[in-house]
Structures are given as structure tokens and as C-alpha cells.
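What you see is a predicted model; the values in this text were computed from it and never measured.
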Amino acid sequence: MSIRINPYLMLDGRAREAVAFYEQTLDAKLQMLQTFGGMPGDPGRPMPEEAKERIAHALLKVGDSDLMISDIFPGMSLEMGDQVNICIMIDSKEKTERLYNALQQGGEVKMPLSETSWSKGYAIVKDKFGITFHLSTE
């Protein structure tokens with residue numbers, strides 16, 4: 001199975017500040033940055049104004065490693081211990097489904113496995129140990 005594991009930092013409105021900080025302190029190179037306002041919209045659920053400039057996803061290259069950073073969506077809560085998540089990048093949807101089914105045993109599905117604008121299969125699962133995983137099919 002070909003997978004990569006990356007740390008994923010979750011912040012409450014300070015992701016842009018964190019990106020700038022890590023660029024400077026870790027000599028990180030920004031690979032991509034997308035705001036919630038820059039994502040494809042859902043006509044049935046208009047984007048709240050306070051969400052538009054928040055960072056939906058940023059990817060920094062730190063040496064040979066990837067560091068992902070995101071703001072939570074306004075109104076969501078950021079629980080203690082959820083500031084650092086683990087993103088698993090997986091090379092097939094079948095493998096993603098297998099990991100999704102395994103990780104949710106005794107845990108909690110935060111976002112069901114579904115296709116997104118950036119992945120054929122994406123999900124967020126908190127496992128039975130309280131660790132939050134983002135599963136993303138490349």
C-alpha cells in the first residue's frame with residue numbers, strides 16, 4: 001500500500017498567520033493556499049462572509065516533508081487535542097475505503113467518505129484513541 005502521512009495543523013482563524021510564521025521560522029515553502037471563499041460554492045448553502053478569507057487548506061514544504069494547515073469553519077469548535085491531525089494521502093479509493101472502515105471502529109466519523117473538489121475519496125475520522133485522521137485519495 002502506498003501511503004504518506006503528514007501533520008495537519010487545525011487553527012481557529014490564525015492559519016494565515018501560522019503559514020507566514022512557518023515560512024520564516026522553518027524556511028518552509030508555500031506550495032498552495034486556498035481560502036474557503038475560493039472553493040466551489042454550494043448554491044443551497046451560501047458561504048458566510050466571515051468564512052471567505054479563512055484558510056481552507058495550505059500546503060507547506062518543509063525540507064522533504066509536507067506540513068498542512070487549515071482554519072476551522074466559523075461556528076465549528078476546536079477541541080483540545082485536535083490542533084494537530086494526521087493526514088493520510090492514499091493512492092487508491094479502495095485503500096481509502098479500507099482505512100476509513102478500520103479507523104472508525106470504536107471511533108467517530110467527523111466527515112463521511114465522499115468525493116470532493118480535491119479528492120476522489122476524502123473523509124475525517126477520529127479513531128478510538130481520540131486521534132483525528134484526514135483520509136485523502138490522491
Please examine the side chains of [Y] and [X], heavy atoms only from C-beta on, and report whether any two atoms are closer than 4.5 Å.
{"X": "Phe133", "Y": "Leu99", "answer": "no"}
{"X": "Glu108", "Y": "Ile124", "answer": "no"}
{"X": "Arg98", "Y": "Ile90", "answer": "no"}
{"X": "Leu135", "Y": "Leu113", "answer": "no"}
{"X": "Glu23", "Y": "Leu60", "answer": "yes"}
{"X": "Gln83", "Y": "Met10", "answer": "no"}
{"X": "Val19", "Y": "Ile55", "answer": "no"}
{"X": "Tyr122", "Y": "Thr96", "answer": "no"}

Between the CD atom in Glu97 and the OG atom in Ser92, the distance rounded to the nearest 0.5 Å is 8.5 Å
Value for SG (Cys87) from CD1 (Ile3), rounded to nearest 0.5 Å, stands at 11.0 Å
Run the side chain to side chain contact (heavy atoms under 4.5 Å, CB included) test against [X] and tell me which residues pass, sequence neighbours left out.
{"X": "Phe73", "result": "Phe36, Met47, Pro48, Ala51, Met76"}
{"X": "Gln31", "result": "Lys29, Leu59, Lys61"}
{"X": "Val84", "result": "Leu9"}
{"X": "Pro7", "result": "Leu67"}

I'd like to check the side chain to side chain donor-acceptor pair (under 3.5 Å) partners of [X]; sequence neighbours left out, ordered by chain and number.
{"X": "Gln105", "value": "none"}
{"X": "Arg4", "value": "Asp66, Glu138"}
{"X": "Lys110", "value": "none"}
{"X": "Arg16", "value": "none"}

Minimum heavy-atom separation for [X] to [Y], with atom names?
{"X": "Asn85", "Y": "His134", "value": "OD1-NE2, 2.8 Å"}
{"X": "Val109", "Y": "Gln104", "value": "CG2-OE1, 3.5 Å"}
{"X": "Lys95", "Y": "Ser2", "value": "NZ-N, 3.6 Å"}
{"X": "Gly121", "Y": "Ser119", "value": "O-OG, 2.9 Å"}

**OP:** Would you list the pairs meeting side chain to side chain donor-acceptor pair (under 3.5 Å) in which at least one residue belongs to residues 69-78, sequence neighbours left out?
**Re:**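 Of all non-adjacent pairs touching residues 69-78, none passes side chain to side chain donor-acceptor pair (under 3.5 Å).
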Quick check: is [Y] connected to [X] through a chain of hydrophobic side chains (ILVMFWY, heavy atoms under 4.5 Å apart)?
{"X": "Met111", "Y": "Met39", "value": "yes"}
{"X": "Met32", "Y": "Val62", "value": "no"}
{"X": "Leu78", "Y": "Ile86", "value": "no"}
{"X": "Val125", "Y": "Ile131", "value": "yes"}
{"X": "Ile88", "Y": "Trp118", "value": "no"}

request  = Could you tell me which residues satisfy salt bridge (Lys or Arg N to Asp or Glu O under 4.0 Å) with Glu94, sequence neighbours excluded, listed by chain and number?
outcome  =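 In terms of salt bridge (Lys or Arg N to Asp or Glu O under 4.0 Å), with neighbours along the sequence ignored, Glu94 is linked to no residue.
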Salt bridge (Lys or Arg N to Asp or Glu O under 4.0 Å) involving Glu17 - partner list, sequence neighbours excluded: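 For Glu17, the residues satisfying salt bridge (Lys or Arg N to Asp or Glu O under 4.0 Å) (neighbours in sequence not counted) are Arg14.
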Residues 42-63 vs ring-ring contact (aromatic ring centres under 6.0 Å, His included), sequence neighbours excluded, gives Tyr8-His57
